[in-house]
**Q** 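Input: one structure, supplied below.
Keep in mind that this is a model prediction, so the values were computed, not measured. Chain naming here is simple, since letters A, B, ... match the order of the sequence lines and numbering starts at 1 in each.
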2 protein chains.
Amino acid sequence: MYRIEFNDFFTSAFSVDCIIFGYSHGEIKALLIKRAMEPFENLWAIPGDLIYPDEDLEEAAERVLFELTGLKQIAMHQSQTFGKPNRHPQGRVITVSYFALIRIDDFEVKASSWAGDVQWVSLENMPALAFDHNHILSSTYEILKLKLQNEPVCFDLLPERFTLNEFQQLYEFAFDQAFDKANFRKKIKYIPLIAHDEKQQNVKHRPAKLFSFDKKTFEEATVNNSYTFKM
Amino acid sequence: MYRIEFNDFFTSAFSVDCIIFGYSHGEIKALLIKRAMEPFENLWAIPGDLIYPDEDLEEAAERVLFELTGLKQIAMHQSQTFGKPNRHPQGRVITVSYFALIRIDDFEVKASSWAGDVQWVSLENMPALAFDHNHILSSTYEILKLKLQNEPVCFDLLPERFTLNEFQQLYEFAFDQAFDKANFRKKIKYIPLIAHDEKQQNVKHRPAKLFSFDKKTFEEATVNNSYTFKM
DNA sequence: TTAAATTATTGTCCAAATTACAATAATTAG
DNA sequence: CTAATTATTGTAATTTGGACAATAATTTAA
């Protein structure tokens with residue numbers, strides 16, 4: 001009987017894929033690159049690449065994201081690992097996906113390395129992507145929705161100063177349902193927000209007050225176990 | 001400048017690690033094996049091994065678990081991927097962890113292949129494990145606790161027929177706090193349980209009624225969106 | 001300057017859930 | 001038959017949640 005030797009296993013590669021979500025004009029979007037190399041040349045894809053043999057996973061995710069899109073200093077979190085034997089046409093490649101939420105307007109993106117283009121694409125209008133990336137993306141979006149319900153990640157997507165309506169609309173988009181304004185405000189009663197004197201600009205009606213998330217107070221409350229985020 | 005070629009990357013291996021949780025005598029336990037080979041010979045470890053080059057991840061998890069412990073037909077779910085460059089002393093090995101919850105008494109375990117022994121070990125009494133397995137285990141336990149709050153996985157751990165107190169005690173153990181009996185029963189009011197005529201045996205006091213989880217009704221209610229599990 | 005239009009913000013009422021605690025019921029052990 | 005023990009159910013006060021209404025602040029157009 002053929003006995004597989006230890007080194008026969010060392011014939012695979014790992015990649016990372018970085019799913020970056022943003023929010024603008026009332027829509028959640030993902031940052032995609034246009035592949036300027038084979039395989040899947042000219043198709044849109046989640047930014048990702050192979051991991052160096054001596055590189056840590058998270059470090060690789062940061063490097064790859066920077067090389068392809070110019071984004072740096074983004075806190076990324078591991079989500080899932082995809083490893084169907086034939087998901088990569090050139091060999092066995094298992095990919096570990098990382099994801100992050102950012103404020104689109106706070107960062108500038110620029111395609112480089114083998115990325116021919118980079119764009120924010122609305123989740124509602126997603127083209128066919130390279131590899132199994134449509135699957136990875138939708139599966140990661142489900143994780144995002146879970147986090148929106150249980151962690152204050154909404155403030156990573158919203159602008160630093162936001163109106164309570166913008167806050168509400170983000171949840172209405174993600175969960176595809178309308179909420180009552182008065183009740184939404186009651187629900188967020190315990191989330192520490194800083195009310196600013198500043199108001200919304202350039203609107204054709206009574207401008208709303210701007211708020212920002214009081215992260216420090218929130219974190220004090222959670223280490224105390226005196227509060228848990230629930231939406 | 002040295003240019004890394006595509007094939008330079010194909011020098012790594014993947015493994016799967018299977019974290020199997022069980023519950024008995026009021027404690028949550030994990031199934032461990034004693035390594036009968038280098039590295040870390042004679043240390044306890046999470047059952048796991050390298051993935052074949054053409055094998056799907058989940059398939060590998062099932063095979064490895066069976067080979068080492070004799071367990072089969074266990075529904076396993078992916079949790080996290082660990083890939084620090086030096087986590088394996090013999091080369092770059094990234095490991096994908098899977099986990100499952102089972103009823104200890106419903107299965108027989110038996111060490112085989114290179115597992116010298118197999119044992120259920122209480123989480124409260126965990127020795128130093130091989131590789132980064134203590135880290136993997138505690139990180140997976142956090143995921144289990146999250147699931148206990150949001151999915152009816154408690155019934156995978158409890159015996160098929162259980163008393164309401166046993167049900168409550170599982171949560172009291174996992175979250176290390178006591179709950180009021182009457183209020184616990186109100187909280188679980190919407191979880192479909194089947195009440196049996198049968199009662200607890202061999203106790204020195206009034207025996208409690210036995211219940212089992214009505215999975216079918218639960219699933220009908222969740223596809224309807226008429227109920228979501230929350231503890 | 002003013003009224004209409006529009007949206008922001010706050011309040012009220014009722015139903016439902018949560019909490020703390022008490023009362024009652026069913027067993028076993030002697 | 002009684003005490004001890006635990007199971008099970010009930011109550012009352014409080015808090016939360018949802019539907020809906022009222023009021024406030026601003027812009028626009030006459």
Side-chain angles (χ1 to χ4, degrees), chain A residues 25-26 148-150 154 158-159 161-214 221 225-231, chain B residues 25-26 148-150 154 158-159 161-173 175-214 221 224-231:
Chain A
H25 299 98
L148 281 172
Q149 285 181 316
N150 301 301
C154 49
L158 291 167
R161 294 184 177 203
F162 50 85
T163 69
L164 297 183
N165 252 7
E166 285 167 350
F167 185 6
Q168 180 173 342
Q169 281 156 13
L170 169 56
Y171 279 87
E172 292 185 329
F173 177 86
F175 296 101
D176 196 24
Q177 66 177 296
F179 302 110
D180 179 277
K181 279 187 183 190
N183 296 338
F184 186 83
R185 281 154 201 245
K186 275 185 220 157
K187 193 196 296 250
I188 65 174
K189 191 166 50 169
Y190 297 112
I191 302 175
L193 297 180
I194 299 162
H196 298 280
D197 289 333
E198 198 187 343
K199 292 198 173 142
Q200 215 177 11
Q201 298 290 324
N202 302 320
V203 286
K204 297 187 177 47
H205 52 78
R206 174 178 172 184
K209 197 184 270 196
L210 292 179
F211 292 83
S212 58
F213 178 50
D214 186 349
N225 273 324
S226 66
Y227 173 66
T228 50
F229 187 94
K230 264 294 151 217
M231 292 291 284
Chain B
H25 299 97
L148 281 171
Q149 286 182 312
N150 301 300
C154 48
L158 290 168
R161 293 183 179 204
F162 51 85
T163 69
L164 297 183
N165 254 6
E166 285 168 350
F167 185 6
Q168 179 173 343
Q169 281 157 12
L170 169 55
Y171 279 87
E172 292 185 328
F173 178 86
F175 297 102
D176 195 23
Q177 65 177 295
F179 302 111
D180 180 278
K181 280 187 181 189
N183 296 340
F184 186 84
R185 280 151 200 246
K186 278 181 214 157
K187 193 196 296 247
I188 64 172
K189 190 166 50 172
Y190 297 111
I191 302 176
L193 297 180
I194 299 163
H196 298 280
D197 287 333
E198 197 187 342
K199 293 198 173 140
Q200 213 177 11
Q201 299 291 324
N202 302 320
V203 284
K204 297 189 177 46
H205 51 78
R206 172 177 174 185
K209 196 184 272 195
L210 292 178
F211 293 83
S212 58
F213 178 50
D214 186 349
N224 284 347
N225 273 324
S226 65
Y227 174 66
T228 50
F229 187 94
K230 264 293 153 218
M231 291 292 282

**Q** Quick one: which of D/dT26, C/dA29, C/dT7 gets closest to the side chain of A/Pro207?
**A** D/dT26
**Q** Do A/Lys187 side-chain and D/dG17 base share a donor-acceptor contact under 3.5 Å?
**A** no
**Q** Counting only side-chain heavy atoms from C-beta out, which of D/dG10, C/dT9, D/dT6 sits nearest to B/Asn165?
**A** D/dT6
**Q** Restricting to ring-ring contact (aromatic ring centres under 6.0 Å, His included), what partner residues turn up for A/Phe162, sequence neighbours left out?
**A** A/Phe155, A/Phe167
**Q** Is B/Asn224 atom CG crowded by more than 12 heavy atoms from other residues, nucleotides or ligands, each under 6.0 Å away?
**A** yes
**Q** On the nucleotide C/dA8, are OP1 or OP2 found under 4.0 Å from the side-chain N or O atoms that A/Lys181 carries?
**A** yes
**Q** Base of D/dA7, side chain of B/Arg206 - is there a donor-acceptor contact under 3.5 Å?
**A** yes
**Q** Mark yes or no for a side-chain to base donor-acceptor pair under 3.5 Å between A/Lys209 and C/dT9, with no hydrogen or angle criteria applied.
**A** no
**Q** How many whole angstroms separate atom CZ of A/Arg185 from atom C1' of D/dA21?
**A** 15 Å
**Q** Take the protein atom CG of A/Asn183 and the nucleotide atom C1' of D/dT15, then report the distance between them rounded to whole Å.
**A** 15 Å
**Q** With a non-hydrogen cut-off below 4.0 angstrom, is A/Tyr190 in contact with a base, only sugar-phosphate, or nothing?
**A** sugar-phosphate
**Q** Relative to the 5' end of DNA chain D, which residue comes earlier, B/His205 or A/Lys204, by the nucleotide with the nearest heavy atom?
**A** B/His205
**Q** In terms of ring plane angle, is the pair B/Phe175 and B/Tyr171 parallel, tilted or perpendicular, where the classes change at 30° and 60°?
**A** parallel
**Q** Looking at the side chain of B/Ala182, which of D/dC20, D/dT16, D/dG10 is the nearest nucleotide?
**A** D/dG10
**Q** For a quick check, tell me whether the side chain of A/Lys199 and the base of D/dT27 share a donor-acceptor pair closer than 3.5 Å.
**A** no
**Q** Can you confirm whether more than 12 heavy atoms, excluding those of A/Lys204, are under 6.0 Å from its NZ atom?
**A** no
